[in-house]
Structures are given as structure tokens and as C-alpha cells.
Amino acid sequence: MDNMLARASGRPVTRRRSRVALASAVVGLAVAAATVAVASGASAGTTLGASAAEKGRYFGAAVAAHKLSDATYVGILNREFNSVTPENEMKWDATEPSQGQFTFANADRIVNHARANGMQVRGHALAWHSQQPGWAQNLSGSALRQAMVNHVTQVATYYRGKIHSWDVVNEAFADGGSGARRDSNLQRTGNDWIEVAFRAARAADPTAKLCYNDYNTDDWSHAKTQAVYNMVRDFKARGVPIDCVGLQSHFNSASPYPGNYRTTLSSFAALGVDVQITELDIEGSGDSQATAYRNVANDCLAVARCTGITVWGIRDTDSWRASGTPLLFDGSGNKKPAYTATLDALNGGTTPPPTTAPPTTAPPTTPPPSGDCAATVSLNSWNGGFVATVRVTAGAAAINGWAVALTLPGGATVTNTWSARATGTSGAVTFRNVDYNGRLSAGATTEFGFQGTGTGPTSTPTCTAS
Ligand code: G3I
């Protein structure tokens, strides 16, 4: 929002442009509360970012820090885009090359450039089986689990307040027809590693939208798509903090744009999460490439909760698949037919504005009478540590808040808590709701968690409603 207003007022623009930008800002604030900036020096309708902003959406690009000294590259970036994703600079190997030692210089260059130019930032990616530093590749079990939670916590805390959306977990499902999780060192720490990562990210940065991001999840009929859908549905049902699903959407002849793409977008959105197209590139050229890009843009515009599109690079020569010429600008920075088709789609039609993710439990207009609550604990323990997931259930009446008290065995210490505020770290510990999960309608549940050293709690917790 502040990006948008800064951009709307921060540059010498014509009066008409100012009015358009300001009107766009007001609509965005009133209807969607979306954090969308109008692209640098742009007037609505003539650049990807400005046209997307008019539809309450963002249009972003993956950016490499070392290209920020390339004038052609930066010229296109600043003119066309209002969101950036660091292509490699926020990954685990880049940000924590030695355990416990964090380096943010390259990621900061991108974040600072974005903030200076009114662009929002997608964080990519906190927990991923790939591009792990060597020391993490060599860890397993509780040591890896703790290192992962620490990494998520440290990086999301460092960037707290600067990230629009985080890819909290990336590419955790297997390809093919199994619908299974991908085997990885992270997966082998326990099936709950994904939700633990999301809870740690929420605790570290409560303002960022938290996304699950994957590829080959574009075709609604694919087992992998269904598997991710089932995980997100389960997370929403159990109160695991997830706000968005990222569809990478790397398309080529082996994995083409699917005709049911809009169904995939709308089906995920119907679960109560935003959908973001996070790494779009489409191999090819000319009309066929342009048509595919047009289809993707139109599909996003047709789904209210498809809130933005990011292309995975700027010029074809910047792409990880450069030989497939999959992007919107050629190697010299000229606009391709795919660019024009995308811009036309963004400028066409009337589309519903995106909505922001509703809280897990919709706040009632008048406070409900207070009832009672119950709490149960499930433990994932290992030698020397544990993660506890606590489910809080409202009784026959709605509640406005809750406090869960439990006693830890001697020697046990709470080291990290998510979706609750803890009082005490050993012995008698009380966990109270945070802003977004205190109100529960009758019979509704929410979950919070904590990690600790030593042995996890074994006695039954008491829940007190307020
Ligand atoms: O910077 C070094 C350079 O110094 C060295 O000489 C060279 C030798 O190989 O490597 C360079 O690093 C490469 C880096 O890209 C920067 O170009 C890495 O080897 C290479 O592995 C890395 O590839 C990245 C890839 O993720 C790694 O998995 C791509 O740039 C990046 O576009 C790609 O992005 C992924 C998303 O994160 C997740 N989804 C799929 C997407 C495409 O693969």
C-alpha cells in the first residue's frame, strides 16, 4: 500500500497520470488492500506493472543481483515491473553458507533496489531440498530439522516487513503419478517438516503471505497437482498458517500450458488461499508463444484470488532456459509478440479484483459470548528435542481468546514458538493466542506449536477461554 502511494506521489507525472495512479491506489486500498505498486515512471495501460496494478495485481520478474549494473536490464526492470523475486540470492546456500553465519549482501541489493523503486518483493525460497549449503546437505534428523527451523526463523526475521510473500517451502512433492512427497533430507526428518517451516515463518514475519511453491502443478488432472491441493486443504482445515500457493508455470513442449489451467487456479483459490504465478516462462516464439502468454494472463485475471504474475527473468538471454527463448523480451531488450499479447490481456476485459486471504476464522461483527475450550498435544520427538503441535478447540460457545497451560518435564526448554505467545520456557509454561487465532466459533479449532530441547510435555494441558 505504502509502495503504491509512494509511487503514485513520488515522481513528476502529468496531472492525468497522477489522477489515474491515485484512483488506482484508492480502488486498491478500498477493494483489495493489495500491496501493488505502479511501475517506475509508468502510466497505466502501457507497461506490464501498471496494467496489472489497474487490475489490482502485480507483475514481477526474477532478478539476479549481478545484473543490476546492466543498464538495459535495469531500464526494463524499472519501466515494466512492480515486483521482484531474487532468482538465487535468498536461497539457503546463498544466505547461510556456513551454519549460523548469514550473508544477505546480494539479496539486500535486490531488496534495496526494489524498495527504492516502489516494487514489492517475493522471497524465494526458505526451505528447499535443492541449493542447500554443503553443511546442511550433510545433516539429517533432529540436527537438520533444527537447522531448517533456525534458517527459516533467521531469514524471515531479517526481512520482516519487507517481503510481500515468501515461498516458505519449495518443490516438496514428487513428479509422476504417485502423489507422494519428494524424498529428500528434509522429508526424512518427518512428514510434518512443511508445516513446521510455515509455523516458523509466521512467527518470524506475521505480515508476509506464506506460500507453498511448486512446478508441474499447473495441470489440474495431474497427481502432483492433486497432492498439493490436498495438502493445502489439510493445512487450512488444521489451521496451519498458509496464505498462498505458487504455481511456477515453466512451460515447454514437454510440459505445455494446460487447457485446464484456469480450473487449477480457481480450485486452489476456492480453498481460501491466494494463487500466484511465480516463475512463468513459456518456451517458443511468435504467435504460439504469444497465445500461451495471453492465455495465462487471461486465466489469472479471471480468478479473483490470482493476485500476481512473475516471469522468471527479463530477457531471453537472462533465462535459465535461454535456448528456449521463453521470456517477454529478446536478448537486446526488445518487446516480443508475447509481451504485446500479455499487455493486451492485462488491459482487456473487466475482471474481479483480488481479495486478501480471510483469517482462518472470520471475525464476527459482535464479540460472541465466551465459552470454554480444550487442548490436545501431539509430539514429534527425537533424542534431545521435540516439536509439539497443540490443537485448541472451542466448546459449545464461541471464544474470544485462549490460554493453554502445560508443564514441561525437568530439563526441557522451549526454544521456539509459532502461532502463540509463550510465558516461561521451562516448568509451567502458558501459551496465549496471537491476534489472528484467538477468536474461535463454537467447536472450531486452531493450532499452534513450539519446539524445545529435552523431553516434550506428557501431561494433559489445560485450556482457559477468554
Ligand atoms: O554464479 C555461479 C558462477 O560463479 C559459476 O561460474 C557457475 C558455474 O556453474 O555457476 C553459477 O551459479 C549458478 C546460478 O544459477 C547462477 O547462474 C548455479 O550453478 C546454477 O545452479 C543456478 O541455477 C539456478 C537454479 O534455480 C538452481 O536450482 C537458476 O539460476 C535459477 O533460475 C533456478 O531457479 C529455479 C527456482 O529457484 C525454483 N524453480 C525452478 C527454477 C528453475 O530451475
Side-chain angles (χ1 to χ4, degrees), residues 141-143 145-154 156-157 160 189-190 192-193 195-206 235 238-241 359-361 367-466:
S142 60
R145 174 66 67 93
Q146 288 183 13
M148 183 274 286
V149 169
N150 186 55
H151 180 77
V152 170
T153 301
Q154 298 297 328
T157 299
R160 185 190 338 230
T189 68
D192 63 345
W193 74 275
E195 59 195 83
V196 167
F198 273 85
R199 289 184 169 116
R202 179 71 95 217
D205 184 355
F235 279 11
R238 292 192 293 113
V240 177
T360 306
T361 305
S370 191
D372 59 3
C373 59
T376 55
V377 181
S378 60
L379 277 180
N380 176 26
S381 300
W382 56 87
N383 192 13
F386 64 91
V387 168
T389 302
V390 184
R391 173 172 288 209
V392 178
T393 306
I399 62 175
N400 291 318
W402 45 261
V404 173
L406 49 78
T407 303
L408 292 174
T413 304
V414 176
T415 56
N416 184 30
T417 303
W418 49 92
S419 305
R421 269 187 298 274
T423 305
T425 55
S426 59
V429 184
T430 300
F431 299 88
R432 292 186 171 79
N433 64 275
V434 288
D435 290 347
Y436 59 84
N437 64 5
R439 285 186 175 168
L440 297 176
S441 54
T445 65
T446 189
E447 288 189 343
F448 69 92
F450 59 99
Q451 183 173 14
T453 54
T455 306
T458 50
S459 57
T460 307
T462 57
C463 186
T464 307
S466 54

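Predicted model, so just to flag it, every value in this text is computed and none were measured.
- A distance of 9.5 Å separates CG of Leu440 from CG of Asn400, quoted to the nearest 0.5 Å.
- Val429 is not listed as a side-chain neighbour of Phe450, based on a closest heavy-atom distance of 4.5 Å or more.
- Checked against side-chain contact (heavy atoms from CB on, under 4.5 Å), Thr455 has the following partners two or more places apart in sequence or in another chain: Pro409.
- To the nearest 0.5 Å, atom OG1 of residue Thr425 and atom CG of residue Leu408 are 8.5 Å apart.
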Show your working on side chain to side chain contact (heavy atoms under 4.5 Å, CB included) between Arg145 and Val196 and close with a plain yes or no. CA-CA 9 Å; Arg145 174 66 67 93; Val196 167; 3.6 Å; yes

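- Smallest separation of non-hydrogen atoms from Thr153 and Ala200: OG1-CB, 3.9 Å.
- Annotation: side-chain hydrogen bond (donor to acceptor under 3.5 Å, both in side chains) contacts of Trp402 (sequence neighbours excluded): none.
- Note that CD of Gln146 is 11.0 Å distant from OG1 of Thr189, once rounded to the nearest 0.5 Å.
- In this structure, the side chain of Arg421 does not engage the main chain of Phe431 through any donor-acceptor pair within 3.5 Å.
- Partners of Thr415 by side-chain contact (heavy atoms from CB on, under 4.5 Å), not counting sequence neighbours, listed by chain and number: Gln451, Thr453.
- Note that OG of Ser466 is 12.0 Å distant from CG of Asp372, once rounded to the nearest 0.5 Å.
- Of all non-hydrogen atoms in Pro457 and Val377, the two that sit nearest each other are CG-CG1, 4.3 Å.
- Val390 and Ala375 make their closest contact through CG1-CB, 4.1 Å (heavy atoms, listed as atom of the first residue, atom of the second, distance).
- Scanning all heavy atoms of the two residues, the minimum distance from Ala394 to Ser441 falls at CB-O, 3.4 Å.
- In this structure Arg160 satisfies the salt bridge (charged side-chain N to carboxylate O under 4.0 Å, His left out) test with no other residue, sequence neighbours excluded.
- The stretch residues 391-415 participates, sequence neighbours left out, in these salt bridge (Lys or Arg N to Asp or Glu O under 4.0 Å) pairs: Arg391-Glu447.
- Between Met148 and Trp193, the shortest heavy-atom contact is CE-O, 3.6 Å.
- Each of Thr393, Val392, Ile399 was compared with Cys463 under the side chain to side chain contact (heavy atoms under 4.5 Å, CB included) criterion, and only Val392 meets it.
- Heavy atoms only, all atoms of each residue included: Gly371 and Ala465 are closest at O-CB, 2.8 Å.
- Taking Ala403 as the reference, Thr430, Arg432 meet the side-chain contact (heavy atoms from CB on, under 4.5 Å) condition, with sequence neighbours excluded.
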